[in-house]
Visitor: 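Starting off with a structure, shown below.
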There are 2 protein chains.
Amino acid sequence: MNWRDVPSLAALRAFDAAARAGSFSQAARELNVTHAAIAQHVRSVESDLGASLLVRQGRGVVLTDAGARLADALSDGFGQIIAGVKSVRADVDSRPLSITATHNFAESWLMPRIGKFWAKYPEIALSIVPSNKLVDLRKDGFDVGIRYGDGNWPGLETTHLLAADYTVVAAPGVVKTDQIAQSGATWFFEDAHQESQRWVREAGLIGPSQKSVTVSTLGMALSAVRAGGGITIAASALVSDDIRDGRLIALSQTQPEGIGYYIIHPPGVLSDRVKTFKKWLLKAL
Amino acid sequence: MNWRDVPSLAALRAFDAAARAGSFSQAARELNVTHAAIAQHVRSVESDLGASLLVRQGRGVVLTDAGARLADALSDGFGQIIAGVKSVRADVDSRPLSITATHNFAESWLMPRIGKFWAKYPEIALSIVPSNKLVDLRKDGFDVGIRYGDGNWPGLETTHLLAADYTVVAAPGVVKTDQIAQSGATWFFEDAHQESQRWVREAGLIGPSQKSVTVSTLGMALSAVRAGGGITIAASALVSDDIRDGRLIALSQTQPEGIGYYIIHPPGVLSDRVKTFKKWLLKAL
DNA sequence: TTCATATGAAAGCTCAGCTAACATAATGAA
DNA sequence: TTCATTATGTTAGCTGAGCTTTCATATGAA
């Protein structure tokens, strides 16, 4: 497509608006600029093409023959562009909001609450994809994500959701708070969380004779622990429900360390649906 | 036409180019920008619409479904716009170059030389409209003009063509150079040129008993003077041919005073035809 | 493995696009 | 006819959209 001899698109749009309005002032109001901007654009298109396109007549302007022909083409062209954009927006708005979250967060925090979201916003369909991978939101087609980390992901806007302190939990009666290492209780560790395991050892919360079992998900660890099978460590936010409801008791807790759960999305203006979901997340703490 | 929810036209054009090229780098070359500019625009359209449009695949990019649909609409839209501009340009290029010049200049300087222009540029049709009015080039549909004055016309580009000194002339033998005021020769003055008349009186070139006749055009004055009927004063450039050819002799001359003949045209890029004509004018002195 | 060519990303530059201000022109009401 | 209103015309000056520059990372061919 040869753009070499085409006046500026901004100028052509200004001319298009003036042509259809028959007035620089009216065109200015429609495009939210001053009449001076319209006038400058129109005259620059005229100068570029070497033809008069709009001439003053009374309190407005009228199209010359050349102007009428150009205006027809621009009307068609810009009409197609606007229609195409509108159509893509409509398609985007009609598919579910696509959300990615870590497995743990999805299972322990989001899914238990999602019913309330749907109750409040039945018109917003969601597609929740648990993934521990650092997915590329854009490439993989997600609108918004919840990620665990330090919040420093270049090219993304991040909003802090939950601090990442950890709590050691067990079912009531399984172990006394000050005798975690001396108890015979089994430690359940999630595979991926080497860091929290290291913390447990450095805090002296695991005895030499204590068994430890590594499982693949926090959900599995929590199932075992809820059943009185032992002790585990998890992000505090993910076990806060169990603690509140008395299914588990808090035995020990780390200090927050700048790591946490964050809402992430691409920069720029957010759609209403993403705004709504984000706002709900922040309130559902 | 609702532009409210439409991404920037520059960004849509960048996307259009990338979509058809399948490569940011190739699109950049086509639009004469860097690949970074293309990438920024494309990602900004994606962010605005909330949809992935182009994804990386190997060394290039491919369209998503949403991207393909938008690309179709943009291709149509931009195609119409470019075709419309091209059509108007073609029309402009097919009509004669429209030139306005003062009557005197047209008659005494331009028309005697225009044959040489047509000989050299037979493909450029001209429409020459003599007019002493300060015409509005744009409103009255002129491509270029020759005006007499100080060269200070806001909103126009001016190029000095001829200085405006004046020469007093008569046919050979009619009057001696140092006896203009003492001769009985009749002064012929052009109606509009009060200023040159004043100069003649202040220079003491007209005697108390000398008759003067006011005519409407310089051409009329020159006809009478060439026939030996008396003396006149004219812009030097306009009588240089008569002097060279011996039909008239120079009796006295004013100093140039910042007034002259100028080529005028609207600001901005000139079409090739206007450039050619202008260049020819400057060489035809 | 190396090299050429692609996209990704962010800091920083600059001029296209605009506003503000004032001038002039046209129209309509009194 | 005069005056108010609303239009376009024009220019100086501001600023952020659009871009470049630079460097990083990814891909594919040799």
Visitor: Could you list by number each residue of residues 47-61 of chain A showing a heavy-atom separation from DNA chain C of less than 4.0 Å, or answer none if no residue does?
Guide: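 Residues of residues 47-61 of chain A under 4.0 Å from DNA chain C: A:Arg56, A:Gly58, A:Arg59.
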
Visitor: To the nearest Å, give me how far apart CG (A:Leu137) and P (C:dG8) are.
Guide: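 That distance rounds to 15 Å.
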
Visitor: Atom CH2 of A:Trp3 and atom P of D:dC19: how far apart are they, to the nearest Å?
Guide: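 Those two atoms, CH2 and P, are 12 Å apart.
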
Visitor: Once you measure the plane-to-plane angle for A:Tyr148 and A:Tyr166, does it fall in the parallel (<30°), tilted (30-60°) or perpendicular (>60°) bin?
Guide: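 Plane angle over 60°, so perpendicular.
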
Visitor: Taking distance alone, no hydrogens or angles, what donor-acceptor pairs closer than 3.5 Å link side-chain atoms of residues 22-33 of chain A to residues at least two apart or in another chain?
Guide:
residue : atom : partner : partner atom : Å
A:Ser23 : OG   : A:Ser25 : N            : 3.2
A:Ser23 : OG   : A:Gln26 : N            : 2.9
A:Gln26 : OE1  : A:Arg29 : NE           : 3.2
A:Gln26 : OE1  : A:Arg29 : NH2          : 3.0
A:Gln26 : NE2  : A:Glu30 : OE2          : 3.0

Visitor: Does B:Thr217 have any side-chain contact (heavy atoms from CB on, under 4.5 Å) partners at least two apart in sequence or in another chain, and if so, which?
Guide: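 Listed in chain order: B:Met220.
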
Visitor: Calculate the interatomic distance between B:Gln26 atom CD and C:dT7 atom C1'; express it in whole Å.
Guide: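 Result: 15 Å.
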
Visitor: Just the rounded figure in Å: distance from C1' of D:dT8 to CD of A:Glu46.
Guide: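 Nearest whole value for this atom pair: 13 Å.
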
Visitor: According to side-chain hydrogen bond (donor to acceptor under 3.5 Å, both in side chains), who are the partners of A:Gln40, at least two apart in sequence or on a separate chain?
Guide: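 A:Gln40 satisfies side-chain hydrogen bond (donor to acceptor under 3.5 Å, both in side chains) with no other residue.
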
Visitor: Identify all side-chain donor-acceptor contacts of residues 275-285 of chain A below 3.5 Å with residues at least two apart in sequence or on another chain.
Guide:
residue  : atom : partner  : partner atom : Å
A:Thr276 : OG1  : A:Asp272 : O            : 2.8
A:Lys278 : NZ   : A:Thr159 : OG1          : 3.1
A:Lys278 : NZ   : A:His265 : NE2          : 2.9

Visitor: Please identify each residue that fulfils side-chain contact (heavy atoms from CB on, under 4.5 Å) with A:Ser44, with sequence neighbours left out.
Guide: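 Residues passing side-chain contact (heavy atoms from CB on, under 4.5 Å) with A:Ser44: A:Ala11.
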
Visitor: So, using salt bridge (charged side-chain N to carboxylate O under 4.0 Å, His left out) as the criterion, who are the partners of B:Arg56 when residues are at least two apart?
Guide: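 In terms of salt bridge (charged side-chain N to carboxylate O under 4.0 Å, His left out), with neighbours along the sequence ignored, B:Arg56 is linked to no residue.
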
Visitor: Does anything in residues 259-269 of chain A form a salt bridge (charged side-chain N to carboxylate O under 4.0 Å, His left out)? List the pairs, not counting sequence neighbours.
Guide: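 For residues 259-269 of chain A: none.
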
Visitor: Would you say B:Arg138 reaches D:dG9's phosphate, i.e. side-chain N/O to OP1/OP2 under 4.0 Å?
Guide: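 Result: yes.
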
Visitor: Which word best sums up how the rings of A:Phe105 and A:Tyr261 line up, parallel for under 30°, tilted for 30 to 60°, or perpendicular for over 60°?
Guide: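 Judged by the thresholds at 30° and 60°, the geometry between A:Phe105 and A:Tyr261 is tilted.
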
Visitor: Does anything in residues 62-73 of chain A reach DNA chain C, meaning a heavy atom under 4.0 Å, and if so which residues?
Guide: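 Correct list: empty, so none.
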
Visitor: Which atom pairs, one a donor and one an acceptor, fall under 3.5 Å between side chains of residues 57-66 of chain B and the rest of the protein, sequence neighbours left out?
Guide:
residue : atom : partner : partner atom : Å
B:Thr64 : OG1  : B:Ser52 : O            : 2.6
B:Thr64 : OG1  : B:Leu53 : O            : 3.4
B:Thr64 : OG1  : B:Gly67 : N            : 3.0

Visitor: Using atom CZ of A:Phe24 as one end and atom P of D:dT10 as the other, report the distance to the nearest whole Å.
Guide: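 The answer, rounded to whole Å, is 10 Å.
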
Visitor: N/O contacts under 3.5 Å, protein versus nucleotides 16-23 of chain C?
Guide:
residue : atom : partner : partner atom : Å
C:dG17  : OP1  : A:Ser8  : OG           : 3.4
C:dG17  : OP2  : A:Ser8  : OG           : 3.4
C:dC18  : OP2  : A:His41 : NE2          : 2.2
C:dC18  : N4   : A:Gln40 : OE1          : 3.0
C:dT19  : OP2  : A:Thr34 : N            : 2.6
C:dT19  : OP2  : A:Thr34 : OG1          : 2.9
C:dT19  : O4   : A:Gln40 : NE2          : 2.9

Visitor: If I take atom CD1 in residue B:Ile38 and atom C1' in nucleotide C:dT7, what distance separates them, rounded to the nearest angstrom?
Guide: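 The answer, rounded to whole Å, is 12 Å.
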
Visitor: Taking only distance into account, with no hydrogens and no angle test, what donor-acceptor pairs under 3.5 Å do side-chain atoms of residues 82-98 of chain B form with protein atoms, sequence neighbours excluded?
Guide:
residue : atom : partner  : partner atom : Å
B:Arg89 : NE   : A:Asp5   : O            : 3.0
B:Arg89 : NH1  : A:Asp48  : O            : 3.1
B:Arg89 : NH2  : A:Asp5   : O            : 2.8
B:Arg89 : NH2  : A:Asp48  : OD1          : 2.6
B:Asp91 : OD2  : A:Arg69  : NH1          : 2.2
B:Asp91 : OD2  : A:Arg69  : NH2          : 3.2
B:Ser94 : OG   : B:Asp91  : O            : 2.9
B:Arg95 : NH1  : B:Asp143 : OD2          : 3.2
B:Arg95 : NH2  : A:Gly50  : O            : 3.2
B:Ser98 : OG   : B:Gly141 : O            : 3.4

